[in-house]
2 protein chains.
Amino acid sequence: MTKGPGQTGTVVTMHSIASAAGVSPMTVSNTFRHPARVQEETRRRVMRIAAEMGYVPNHAAGNLASGHSRVIGAIIPSIKNSSFYKYVRGMQDTAAAQGYELILNLADTALHEQAAIQTFIGLRVAGIALVGDEHEPAAIDLLKKTAIPVVESWVQAGPIDMAVGHSTTAATKAILDVLLARGYRQIGFIGYEGAASRRFTERLPMYRSVLAQSGLSSDLVHLADETDGFGAGPKALDRLCRINPRIDAVICPTDIVAAGVLFECGRRGWRVPDRLAVAGWGDYEIASEITPGLTTIQPNTYEMGQQSVAMIIDRAIGKPNQGQIVDTGFRLIERAST
Amino acid sequence: MTKGPGQTGTVVTMHSIASAAGVSPMTVSNTFRHPARVQEETRRRVMRIAAEMGYVPNHAAGNLASGHSRVIGAIIPSIKNSSFYKYVRGMQDTAAAQGYELILNLADTALHEQAAIQTFIGLRVAGIALVGDEHEPAAIDLLKKTAIPVVESWVQAGPIDMAVGHSTTAATKAILDVLLARGYRQIGFIGYEGAASRRFTERLPMYRSVLAQSGLSSDLVHLADETDGFGAGPKALDRLCRINPRIDAVICPTDIVAAGVLFECGRRGWRVPDRLAVAGWGDYEIASEITPGLTTIQPNTYEMGQQSVAMIIDRAIGKPNQGQIVDTGFRLIERAST
DNA sequence: TCCATAAATTGTAGCGCTACAAAAGAATGA
DNA sequence: TCATTCTTTTGTAGCGCTACAATTTATGGA
């Protein structure tokens, strides 16, 4: 682009390739965008020369000229743990299979997310994938005005456009049913403080409702700091014990918090699940590796990623799927911790 | 961009804003790019109208017109664990402070990395940050031809342009010195199979050299599969025990593998560090949370991220820093596992 | 009042690419 | 041989924006 001092960097454009190959710029363009329109032999020659000269088509220019983009932007809240790994892989694989590219942005607050959304809109990406339904009002407004395809994942309804996820209430009920069936009666709940996303907030009412139906107390509740990782476990256990020292089970918002609880149990010499049963959420890798293995909810994150991108591409090619909602389900995985 | 069926989506351009505000398009452009050139009152009016109409400047067009980009691309190999979290935060913070934006791409093989590099070059980003020095020859070639600013991180020398990282050999020696000083004599080594990156390969020769100098055997070596997480720990311990059942210490390529070894020790009833001392690498969150705490190497990943982006921006604004190498150092953290 | 200077605003041209239409070549059948 | 059709290639125009130069407007002194 800019020739740095002492660099040979000539800017290679479609025009250079065309001259070198003895064809018109349009033939070069077609070689990349519509290979079928170009004769086999010509195409190969152009490709060879492009590779030799290190040419990469300028997306910015192509985007501008065509009004279309083959880049999809995804915003994820964290790379602190593995929960988004398969989700991103699902998005990448689906995008690649359709000739699209995925770029990411990391945003751990709604404000950062808003900045990331602006970046992506500025780049005129084909669509945006978000996690959760907790966004800045200004960002929601902007996305609606721009009318860019947006998918919110990990939720089953969102304020913007499309959504893909599983029912957190159903999953919460599934875990509690297992605990109740095994005879646990003093069941604690760990959630996240301040979280406005349905990804987390829908769990607590379900907890209260299920326990109430069984005539049990549902006040063993602690809300942890969302930025804590393993460390949230010990803190939460401490608080819950103060509310009721006879607590015999606890459900956690993530496997990381659950692992933190297990570590704390180890320090206290509590046997799991005899003294305390522990359930996690997410089926992170640590859930199967730690001893005892964690009972947890396995959301189909890879499929969620696939669906997100598929829905964006569908819209991009003209399918009228506004407001579409896809349920990717979940699976309860029972291990030794309950 | 494309008007989806049934959407109001008018495309808002700089021109629309200019008409609505009663100024020329250039004044709108200046309002965003060179605010000082525009009168306070005019600027505010333009900004207000732009916000009302949900206008976000089209980077693609701006990039094309100016030949400059304020977007930096970073490619990270994994989001499976926390090791890159602070690194990315360092990059983001530094970029934001300078008015740049960071976008990410996830690539866990050299081939995926090559695709990611192409995506970023296609977008004409201002610079690219890579992890390690293991890349596809074609990708290296392309980056050199393009003469785009590139920083390789976690290494102290790279085949492309600039580098920022710490000495893996010095860190390896530091760990081994601690183990030797504590009296461990049957020290095992876990590395990664097939890894060509200096990030991992420089450790083994140093291991052999340090042990040889102390007159100890250095054949307790196992190379793990790079795609394994915690699971690599148990496998590796198994193999090392077959080589020498009296193994009394082991150094691991990451804290995750080390945690896997700790989990396996728990299953076997081995006390750590009495029966086996375990050292990790990276100071992931789990290192301080697990019992016993892991002795590990803490690289200054946040600073590494800061430096990477700073070097790219320096180049972008014309500083001749080709081939620059920055050492961000490391710290040995001793905990109960050794 | 007029001229010099600074501040604010505005045309013009073109960045690299692609949609579209037009043109040139090749292939077919009568 | 010459229309007719299909395949392949090529101009033209313009996407939304910014560098740069040119112009208009305000400011201040003599």
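Proteins come first, then strands; the chains are lettered A, B, ... in the order of their sequence lines, and each starts at number 1.
- Note: CD1 (A:Ile17) to C1' (C:dG16) measures 12 Å, nearest angstrom.
- For the helix from C:dT1-D:dA30 to C:dA30-D:dT1, the rotation axes defined at the first and last 5 base pairs enclose an angle of 40°, given to the nearest 10°.
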**Item:** Check against side chain to side chain donor-acceptor pair (under 3.5 Å), A:Tyr55 and A:Ser16
**Value:** CA-CA 9 Å; A:Tyr55 173 69; A:Ser16 346; over 6 Å; no
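- Among residues two or more places apart in sequence or in another chain, the ring pair (Phe, Tyr, Trp, His ring centres under 6.0 Å) test is passed with A:Phe120 by none.
- The distance from atom CD of A:Glu40 to atom P of D:dT7 is 16 Å, rounded to the nearest whole Å.
- With hydrogens and angles disregarded, no donor-acceptor distance shorter than 3.5 Å links the side chain of B:Asp141 to the backbone of B:Pro137.
- Atom pair B:Asn58:CG and C:dC15:C1' shows a separation of 13 Å (rounding to whole Å applied).
- Heavy-atom nearest nucleotides on DNA chain C were determined for B:Ala36 and for B:Leu64, and the one closer to the 5' end corresponds to B:Ala36.
- Residue contacts shown for B:Thr27 include a base, since a base heavy atom lies under 4.0 Å away.
- For the pair A:Arg124 (side chain) and A:Leu64 (backbone), a donor-acceptor distance under 3.5 Å is absent.
- Side-chain N/O atoms of A:Ser24 include none lying less than 4.0 angstrom from OP1 or OP2 on D:dT9.
- A donor-acceptor contact shorter than 3.5 Å is absent between the side chain of A:Asn321 and the backbone of A:Met162.
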What does the list of N/O pairs under 3.5 Å between the protein and nucleotides 18-23 of chain D look like, with a distance for each?
unit_1: D:dT18; atom_1: OP1; unit_2: B:Arg33; atom_2: NE; d: 2.5
unit_1: D:dT18; atom_1: OP2; unit_2: B:Ser29; atom_2: OG; d: 2.5
unit_1: D:dA19; atom_1: OP2; unit_2: B:His34; atom_2: NE2; d: 3.4

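- Looking at A:Ser153, its side chain never comes within 3.5 Å of a backbone N or O of A:Ala163 through a donor-acceptor pair.
- The phosphate of C:dT9 has OP1 or OP2 within less than 4.0 Å of a side-chain N or O from B:Thr42.
- Contact annotation: A:Gln39 reaches the phosphate of D:dT9 (side-chain N/O to OP1 or OP2, under 4.0 Å).
- Among all heavy-atom pairs drawn from B:Gly54 and A:Leu142, the shortest one is O-CD1, 3.6 Å.
- Judged by distance alone, the side chain of B:Asn30 and the main-chain N or O of B:Val38 form no donor-acceptor pair under 3.5 Å.
- Proximity of a side-chain donor or acceptor of A:Gln118 to a complementary backbone N or O of B:Val56 within less than 3.5 Å is not detected.
- Atom pair B:His59:NE2 and C:dG16:P shows a separation of 19 Å (rounding to whole Å applied).
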